[in-house]
Every structure is written in structure tokens, then in C-alpha cells.
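All remarks here apply to the structure that follows.
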Amino acid sequence: MLSGATFCITTFGCQMNKHDSERVSGMLQKLGLVPVDTVADSDITVFMTCCVREKADERLLGQVASMKNTPVRKESPFGKRYVCIGGCIGQRDGQALLDQLGHVDLVFGTHNLNEFPLLLQECVEEGIRQASVRDGRADFPDNMPESREHAWAAWLPITVGCNNFCSYCVVPYVRGREISRPFEEIATLAQTYVAEGVKEITLLGQNVNSYGRDLYGKPRFDDVLDAVSASGVDRIRFATSHPKDLTDSVIERFATLNNLMPALHLPIQSGSDVILQAMNRNYSAKHYLDLIEKLRQARPDIALSTDIIVGFPGETEDDFLQTCEIVEQVGYTQVFTFIYSKRANTPAAELVDNTPREVILERFERLRTIVENGALAANKTYEGQRREVLFEGAAKKGTLVAAGKSEHGLTVHAEVESESLLESLKGSIVPVQIDEAKTWYLVGKILDS
Ligand code: 5AD
Ligand code: SF4
């Protein structure tokens, strides 16, 4: 009944959500559905949602509302468009979302992604609308086909869920408790990917460093890194790391595993110990800086990036200045800055929050300037160097500038002579001479390898 119909997936939020979308796509393609790029061309539209900040909530509601005015495709086998909402908002709101949005047909959650095709089939065949959300799950969700966005890059989730309960964060409530994927499965998947021509594997988890804690304490994340490295894949990355769980043994892998890329995303959130404690982060600024020093000892050229929340309840000017100081001191290549967003039912939502909005916005702008200056300074250190770049495609549609990622995870742009050369570069690792640093990318020339 579904075979031949078209579908389009719109994804919000983190890499885990993007990977879940690859699974939704894989499951629908297995049923004979055809992926399309635009909502207008789709018979089935799926929104994979995020609720980590309020803005993401608002964007979803705006996009879903606009679906009412998008005409049904002429060739639609159903005479209507099916609108489905999955991911974290689906998990959080369930039936309420279906009640609120009369033109939504199906709501599903993060724990029953694998049931999505069946639920959709029921909607179509029985002419029903439904919300189906489960409270949690006992084992790692696998055995779902996936359709990767890029043939040469694979996301490989090694844990799902989070046990950390940072006081501002909704993730533990919508993604559930942490479950580690069986070790052998990770090792086998890595080998399969390599056999399929994958050049880069990114290990995923809300906190990859606590891998194995639920599996009798062994194997742990360092063992995972060794096993994935042994697959012979060109590039390994991982996200995200929690500073309280990053062990010396994992840090050492940056010195010893030649396919572990010299880049690490290590969210600090704040440079003030008072705020870190209120955030329930369980480390101090000093501990974080000690980790940075160890990482640089292991791999002097390691590129570091981080997340920072500005305007957490009770943040004083002095707390904020401590954050700025650390940003200047560490020299990040990239910093993702967020304004604190109150999330219902999280512990931080109960805290007194009396910093005026304009003070928070001014701090945010001040930090942004520091971040931009720091990123440019960090990028300048690459000028004149030869780097290996994994190319992904055109920097901007229709231009003859190819874009890819260096070993350090930095975006590199390089001019190419023709469309066909650009096409052939996709998925290849090619040497590039870096000529110029910009704030958010590097510009270079492709070298003959
Ligand atoms: N408000 C603002 N930022 C948040 N993050 C998580 N929850 C919130 C929130 N309530 C940020 C953190 C995290 C990143 C993924 O999103 O910095 O590391
Ligand atoms: Fe949220 Fe903290 Fe878990 Fe990250 S570690 S997902 S910030 S609770």
C-alpha cells in the first residue's frame, strides 16, 4: 500500500537525531517508498524533532503549521499528505501533540523508532491518527536498516540515553537511561563499514566516555576506540565527551591511534565552579583545564571545540568573566554558544532566574566576539600547512568551490576547475595546501597527491 509513495524527512537537532533520520529513511526505503528532497514533493512528511532549547520547539510548530498550506502532490496515491512527528518532542508530548495539531497523523517517540513503519502502515490502511510513545527500553535499539546521507561517512551510535541529569537538560527525560551497545556489534559494524568503503566513522553517544558502565564495567570506551581503530578505517571521531568521564587512557589514544583524528569536542558549559555545580556537571574549571593540558601533551596539535551556556540562572558578571577567560586561554577552533533556555520539569527550571534579558544578550554578544577572534587565531596556525581533506561536495550549490573537512575537523574550501572534478572529489581524502584562514573555515589549493 505504501510502496511507490514518496517521503521527505526534516531533521532538527543533534547528530543522534540525524542518524535516527537515516534509520527512518532506511526503513521506509525497505518498504519501497522513494525519498524526495522537498516537502512539496512528498506524500509522507516526517519531522524528527529536538526539544533541547525552546527555539527548536517553536521552529517545529511553525513548520508543521505551514504544512496546512502545502498542496497535496498531484500524483499522491493517498489523496492527502501524511504528517508524522518523531524524535524528542514526539517522545515528550505524545498524544498532546496529536490533540493540538489536527493535521498531524502520527506521533512516535525515541524509544519506538523501529515501530514507525508499522504505525504508519496502520494509519494509512485503517484511516486512523495515532500517537505511540514508550516509556523506555531495556536493550540497545538495533537491526534497523539505514540509508546513509554520505556513502563515505557513517555515524555509529555506541550508547543511547544519558544518566547525567545536568540540571538544565531535557535529554535524559526524552532519551531515557544510558544503554551501551554490545561491544562485538560495534566492532563488526566498523568492519562492515570499512568493507563498504566508509572513510570516516563517528562514534555517537550523549556521553561516549561512560560506555560500558552498564556492561559489568568492561570493556570501556578505550577498548571501543581500539576495536574501531583496528578496522583500518581512515578516520575516527567521537561525540560527545563529558569532562568528568574522560579518562587518561582515552586521552592516550590520541597519541597512539593513528586513525583517531586530532580533534575533540569537550563541552565546558561554564568556566565558573559555582555555576558548574548548579548545573550538576560534577567537575571544576581546574579539572577541565588539566584535561586540556593532558590532551595537548598527548597530541600537541589537537583541535578543541566546546559548548557554552550563557545566562544560566544566577550567573553573575564574575561567573561570566571566568567563562570568557577560559575561552581565551584554551584557544578553541569552534565554540557553540547557547543562551540558557528554561526547560519544563528540569531541576534548573526551579531556580531563581533574575538576570535581565538585555544583560544576558550583551554577555552573549561579548562572548561571541571572543569566540570569533579565538577561532580566527586558531585557524591562522594552519596557514602554510599541507592538510588532508575529506571532500564532501560544493561549498555552495552551483559554485566551483569544493568543501571538506581536515583531520582537525575544520572546514576547508578549495577551488576546482570543473563540475566533474568536484563530483569526483566527493568522498576522497586529498592533500590541500592551506593559504588563508577565515573565522569559520580555511581556504586552500588542491595538491597533486
Ligand atoms: N539551554 C541552553 N542550552 C542547552 N543545552 C542543553 N540544554 C540547554 C538548555 N536548557 C546545550 C548544552 C549542550 C548542547 C547540546 O546544548 O550546551 O552541550
Ligand atoms: Fe544533557 Fe548533560 Fe546528558 Fe549532555 S551530559 S545530554 S548536557 S544531561
Side-chain angles (χ1 to χ4, degrees), residues 13-14 50-56 162-175 206-210 239-246 264-295 304-375:
C14 65
C50 165
C51 57
V52 78
R53 283 172 294 275
E54 200 175 348
K55 254 197 199 142
C162 182
N163 290 352
N164 288 315
F165 292 94
C166 300
S167 65
Y168 50 81
C169 187
V170 76
V171 169
Y173 308 95
V174 288
R175 290 272 172 184
Q206 305 300 339
N207 176 13
V208 286
N209 299 97
S210 58
T240 295
S241 288
H242 195 306
K244 78 178 166 62
D245 296 314
L246 181 61
L264 179 67
H265 184 65
L266 193 61
I268 184 167
Q269 312 297 359
S270 168
S272 153
D273 287 345
V274 174
I275 297 296
L276 285 172
Q277 193 168 10
M279 287 176 163
N280 192 31
R281 291 288 289 176
N282 286 303
Y283 56 84
S284 63
K286 177 168 183 316
H287 175 76
Y288 184 92
L289 288 173
D290 287 347
L291 289 177
I292 300 291
E293 201 178 306
K294 285 187 205 168
L295 283 159
L304 297 159
S305 57
T306 199
D307 292 344
I308 288 173
I309 298 176
V310 177
F312 185 81
E315 181 188 72
T316 63
E317 175 66 13
D318 187 52
D319 293 321
F320 174 69
L321 288 176
Q322 291 178 47
T323 301
C324 296
E325 213 170 286
I326 289 200
V327 172
E328 284 178 323
Q329 194 178 335
V330 173
Y332 294 105
T333 50
Q334 196 163 22
V335 181
F336 298 91
T337 50
F338 308 103
I339 290 180
Y340 169 71
S341 171
K342 184 170 167 173
R343 302 285 66 199
N345 304 320
T346 58
E350 307 297 318
L351 298 174
V352 180
D353 188 3
N354 53 11
T355 314
R357 186 79 187 159
E358 58 275 19
V359 171
I360 294 175
L361 292 176
E362 187 275 330
R363 282 182 192 157
F364 187 74
E365 282 310 311
R366 229 186 314 159
L367 179 60
R368 200 160 67 174
T369 306
I370 294 171
V371 165
E372 286 178 3
N373 292 341

Next on the checklist: Quick one, S272 with D318, criterion side chain to side chain contact (heavy atoms under 4.5 Å, CB included). Give me CA distance, side-chain angles, the key distance, then yes/no.
Outcome noted: CA-CA 8 Å; S272 153; D318 187 52; over 6 Å; no
If you define the side chain from C-beta out and look only at heavy atoms, does anything of [X] sit under 4.5 Å from [Y]?
X    : Y    : value
V174 : V52  : no
V170 : N345 : no
C169 : R343 : no
F336 : I308 : no
V330 : T306 : no
D307 : I268 : no

Is a side-chain N or O of [X] found less than 3.5 angstrom from the main chain of [Y], in a donor-acceptor match?
X    : Y    : answer
Y283 : L276 : no
S167 : A348 : no
S305 : T333 : no
S270 : I275 : no

Euclidean distance, [Y] [atom2] relative to [X] [atom1], rounded to 0.5 Å:
X    : Y    : atom1 : atom2 : answer
T346 : N280 : OG1   : CG    : 11.5 Å
I360 : T355 : CD1   : OG1   : 5.0 Å
L367 : E365 : CG    : CD    : 9.5 Å
Q206 : C162 : CD    : SG    : 6.0 Å
C324 : D319 : SG    : CG    : 11.0 Å
Q269 : T323 : CD    : OG1   : 10.0 Å

Next on the checklist: With salt bridge (Lys or Arg N to Asp or Glu O under 4.0 Å) as the rule and sequence neighbours excluded, what pairs involving residues 281-294 come up?
Outcome noted: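 The answer is D248-K294, K286-D290.
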Next on the checklist: Pair E317, R366 - check salt bridge (charged side-chain N to carboxylate O under 4.0 Å, His left out), show working.
Outcome noted: CA-CA 12 Å; E317 175 66 13; R366 229 186 314 159; 2.8 Å; yes
Checklist entry - Partners of A56 by side-chain contact (heavy atoms from CB on, under 4.5 Å), sequence neighbours excluded? => result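 So A56 forms a side-chain contact (heavy atoms from CB on, under 4.5 Å) with C50.
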Checklist entry - Does anything in residues 342-366 pair up under ring-ring contact (aromatic ring centres under 6.0 Å, His included), and if so which pairs, sequence neighbours excluded? => result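 Residue pairs passing ring-ring contact (aromatic ring centres under 6.0 Å, His included), neighbours aside: none found.
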Item to check | ring-ring contact (aromatic ring centres under 6.0 Å, His included) pairs, two or more places apart, involving residues 305-335 | outcome: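 Those involving residues 305-335 are F312-Y340.
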Item to check | Stacked cation flag R53 on F338, 6.0 angstrom / 45 deg | outcome: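 Because its charged atom sits under 6.0 Å from the ring centre and within 45° of the axis, R53 does stack over F338.
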Checklist entry - Applying the side chain to side chain donor-acceptor pair (under 3.5 Å) test to D245, which of N209, N207, N164 qualifies? => result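 Answer to the side chain to side chain donor-acceptor pair (under 3.5 Å) test with D245 among N209, N207, N164: N207.
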Residue pair [X] / [Y], side-chain donor-acceptor N/O under 3.5 Å:
X    : Y    : answer
S284 : D273 : no
H242 : N282 : no
H265 : T240 : no

Next on the checklist: Out of the candidates R357, R363, K55, only one should pair with I339 under the side chain to side chain contact (heavy atoms under 4.5 Å, CB included) rule; please name it.
Outcome noted: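 Only one option passes, and that is R357.
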Checklist entry - Who pairs with F165 by ring pair (Phe, Tyr, Trp, His ring centres under 6.0 Å), at least two apart in sequence or on another chain? => result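 For F165, the residues satisfying ring pair (Phe, Tyr, Trp, His ring centres under 6.0 Å) (neighbours in sequence not counted) are Y173.
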Item to check | Nearest atoms (heavy-atom pairs only) where S341 meets E54 | outcome: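 Between these two residues, the closest heavy atoms are OG-N, 2.8 Å.
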Checklist entry - Minimum heavy-atom separation for P267 to P243, with atom names? => result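 Answer, listing the atom of P267 first, then P243: O-CG, 3.3 Å.
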Item to check | Any residue meeting side-chain hydrogen bond (donor to acceptor under 3.5 Å, both in side chains) with E328, in chain and number order, not counting sequence neighbours | outcome: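 With sequence neighbours excluded, E328 shows a side-chain hydrogen bond (donor to acceptor under 3.5 Å, both in side chains) to no residue whatsoever.
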Checklist entry - Above 12 or not: heavy atoms from other molecules or residues under 6.0 Å from CD of Q277? => result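 Open: at most 12 neighbouring heavy atoms sit under 6.0 Å from CD of Q277.
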